[in-house]
Amino acid sequence: MDTRRLKDKIFTITVIALSIVAIAPVFHIIIYVSYRGLPVIVESGLEFFTSIPNAVTDPKPGGIAQAIIGTLYLTATASIIAVPIATLAAVFSSEFPRSRLTHVVRAASRSLLEVATIIVGMLVFALLVLPTGRFTAVAGSVALAIVMIPYVYTYVELAMLSVPRTYVDAAYSLGMSRALVIYHKLRIMRRGVVRGLMIGVTKAMGETAPLLFTAFGARNVLFGGPLEPIDALPLMIFQFIQTGYDNWIKLAWGGAFILLISYLTLFIVTRVLVKEVKY
Amino acid sequence: MRPKGSRHDFIVFYSLAAPTSIVVLILLLMLATQLGLSLPVFGVQGLSTLTTTIWRPSYTPPPDGAWYGLLPAIWGTMTSAVIAVFLATILSLSLVVVIEEVASRRFREVFSTIVDLMAGMPTVIFGVWGLAFLGPTLEKWIMDPLHSHLSFIPLFSCEPLSGATVFTAGILLSVMIVPFMVAIIQESYRAIPMTLKEAAWSLGMTRYEYVKLNINMIKPAIASALLLGFGRASSETAAVTLVVGNSFNIGYCIFQPAYTISSLIANQFTEAQDFPYMMNALFAGGLTLLVIGIIVNSIGIIYLRRVRF
């Protein structure tokens, strides 16, 4: 074999090996988290989903219901705040592409995507926690909404821009007003809009850093209301895994398994949705 | 630009402009808060907040009692991000080559799906895996052997006391930023015109020669991926906090526990309210993160625009 061919062979084998190294962790993570998390859920049984964490001295770990409720509450309220703002902003920049505000909002959204999410937490802390003197679920919702906005904005804008020009021209030629055309564009691209929402929700659901100084975590009640601190799955995992208590570390693994399953489910649902967006 | 057209258009423009401005306002508020709340500490300690290594919370305000130097955290952020980007560049280039040139169409789909799956995974999951598995594994199989055989190299000179080190953080971050860098490199790779690719094949090049040529054409995109990857790695919080060890160390050895700016904030922010100026010092850390982010991301985007065919 001449040297060129040999070089080529070595190169091919190396890149394949390195690619496997790059993607192997994701499989190992899925297996490892299931291996550590599933036994905990089996041990706790139904209680895992219905009760709050037991005391560290208790023989059984108890449950993470407060974290599941918290994550559902926070992502739902964050979506309610983020989706209208992000969608309207996306409609604006797709409708008025040459406006100066469009350039500014695109740059702002790009920057928000890159900003460390802990800085989002610090911002909301300064705006809502410092003046009121308390950590609240509302602060957590706002922080997650800020995390979601750039994602929803990006995907909805993409969806709006992909509506064929001929459709829009046809709509105008029928004498439709601009507002009506926008409404119909959103309607035909609703799958794109839903996809943006899903990606935002997936992101918000898994965030830890923005909640540290806003939602703060509360583990003695299932749900304390919007003006009290609230727990969330990532927050509980992050804090419990660092404690030295067996019971709480177990709950962290159980929670990690639930979070992983929720993420995988949302990932698959989003995939299916995207596959069906066709013209 | 003022909207042209009917009165109706005018109403649509302004009713949409209001929510749009909120997005911009959030970013401005963020900059204003970080700047405003970090000014007090700069007022007392000056710029040495960024260049000193002592971190001494106290009820007596600085400079007499307390002192808040961010240098160890800045150093930890830089070191872990450099390790991450170094490894992730090699891994993501390999992945792009395999997805684009080696794998069959079916495997290509599989690889891309896995990369997407990694990209969105909650970071705390990487964190618990890093804490319980990656750290101890690296300590036993990589860090201990390197230290015992190559400890004359400054990088490996200190004994790893646990799995939680700058090195572990770097490795974990590299796993996390690979999908992000793959996306950037892949986009440019796909933009190489077919005619150029076909011309290269028609010269009878081997795959190695052909890929080398293509990679050379998208060098600016790779530089951009490097910078944007660095931005991602330096701003990661939850996963890093769990594996970096969280102690004030500075030095060339990568086997010691350290702080990054984000892990320092995550660990100390809640207690910071009790001590004068401590919270402001942490906001100064946040400001530093923001500034680093703005610089690397802007240069990264400039590089990306240089890819032209």
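Just so you know, these numbers use all the heavy atoms, side chains as well, and skip hydrogens, waters and symmetry mates. A note on names: the letters A, B, ... follow the listed sequences, proteins ahead of strands, and every chain is numbered from 1.
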Exercise for review: Name the option with the most non-hydrogen atom pairs under 4.5 Å to chain A; the candidates are B:Ile22, B:Leu282, B:Ile265.
Suggested key: B:Ile265
Check your understanding: At a heavy-atom separation under 4.5 Å, does A:Val124 approach chain B through its side chain, its backbone, both, or neither?
Key -> neither
Check your understanding: Which heavy atom of A:Tyr263 sits nearest a heavy atom of B:Pro122, and at what distance?
Key -> CG-CD, 3.7 Å
**Study point:** Stepwise side chain to side chain contact (heavy atoms under 4.5 Å, CB included) test for B:Thr206 and A:Lys7
**Key:** CA-CA 9 Å; B:Thr206 63; A:Lys7 240 188 198 170; over 6 Å; no
Check your understanding: Between atom CD1 of A:Ile118 and atom CG of B:Leu289, what is the distance when rounded to the nearest 0.5 Å?
Key -> 8.5 Å
Study note, to complete from the structure: In this structure, CG of A:Leu259 is separated from CD1 of B:Ile125 (nearest 0.5 Å) by 4.5 Å
**Study point:** Heavy-atom pair of closest approach, residues B:Ser94 and A:Leu18
**Key:** OG-CD1, 3.2 Å
Review point. Between B:Phe133 and A:Tyr32, what is the ring plane arrangement, given parallel below 30°, perpendicular above 60°, and tilted in between?
Key: tilted
Check your understanding: Between B:Leu29, B:Asp116, B:Ile114, which residue shows the highest count of heavy-atom pairs closer than 4.5 Å to chain A?
Key -> B:Asp116
Check your understanding: Out of curiosity, B:Ile26 CD1 to A:Ser109 OG, how far, rounded to the nearest 0.5 Å?
Key -> 10.0 Å
Practice item. Can you sort out the partners of A:Arg110 under side chain to side chain donor-acceptor pair (under 3.5 Å), two or more places apart, ordered by chain and number? Key: none
Check your understanding: For B:Val23 and A:Ala89, which heavy atoms make the closest approach, and how far apart are they?
Key -> CG2-CB, 4.0 Å
Practice item. Please look at B:Val211 and chain A and tell me whether the side chain, the backbone, both or neither of the residue comes under 4.5 angstrom of a heavy atom of that chain. Key: side chain
**Study point:** Contact origin within B:Ile294 toward chain A - heavy atom pairs under 4.5 Å
**Key:** neither
Point to revise | chain A contacts, top residue of B:Ser262, B:Pro19, B:Gly231 (heavy-atom pairs, under 4.5 Å) | key: B:Pro19
Practice item. Could you grab the distance from atom CZ of A:Arg178 to atom CZ of B:Phe13, nearest 0.5 Å is fine? Key: 10.0 Å
Exercise for review: Side chain from CB out, backbone as N, CA, C, O: work out which of these in B:Gln273 comes under 4.5 Å of a heavy atom of chain A, or both, or neither.
Suggested key: side chain
Review point. Of the non-hydrogen atoms in B:Phe111 and A:Ile23, which two are nearest, and what is the gap between them?
Key: CE2-CD1, 3.5 Å
Exercise for review: Please report the shortest heavy-atom distance between B:Tyr208 and A:Asp8, naming the atom on each side.
Suggested key: N-OD1, 2.8 Å
Check your understanding: In terms of heavy-atom pairs under 4.5 Å with chain A, which of B:Gly286, B:Gly120, B:Ser234 leads?
Key -> B:Gly120
Point to revise | chain A contact via B:Met121 - side chain, backbone, both or neither, heavy atoms under 4.5 Å | key: both
**Study point:** Engaged part of B:Val175 at the chain A interface, taking heavy atoms whose separation is under 4.5 Å
**Key:** side chain
**Study point:** Heavy-atom closest pair, residues B:Leu37 and A:Ala126
**Key:** CD1-CB, 3.7 Å
Check your understanding: Of the listed residues (B:Leu228, B:Val98, B:Ile90, B:Val102), which shares the most heavy-atom pairs with chain A below a 4.5 Å separation?
Key -> B:Val98
**Study point:** Under 3.5 Å donor-acceptor, A:Tyr153 side chain and B:Thr20 backbone
**Key:** no
**Study point:** Interface moiety of B:Glu209 toward chain A, non-hydrogen atoms closer than 4.5 Å
**Key:** side chain
Check your understanding: Which region of B:Leu131, side chain (C-beta onward) or backbone (N, CA, C, O), has a non-hydrogen atom less than 4.5 Å from a non-hydrogen atom of chain A, or is it both or neither?
Key -> side chain
Check your understanding: Is it the backbone or the side chain of B:Val128 that comes under 4.5 Å from a heavy atom of chain A, or both, or neither?
Key -> both
**Study point:** Separation between OG1 of B:Thr113 and CZ of A:Arg271, rounded to the nearest 0.5 Å
**Key:** 4.5 Å
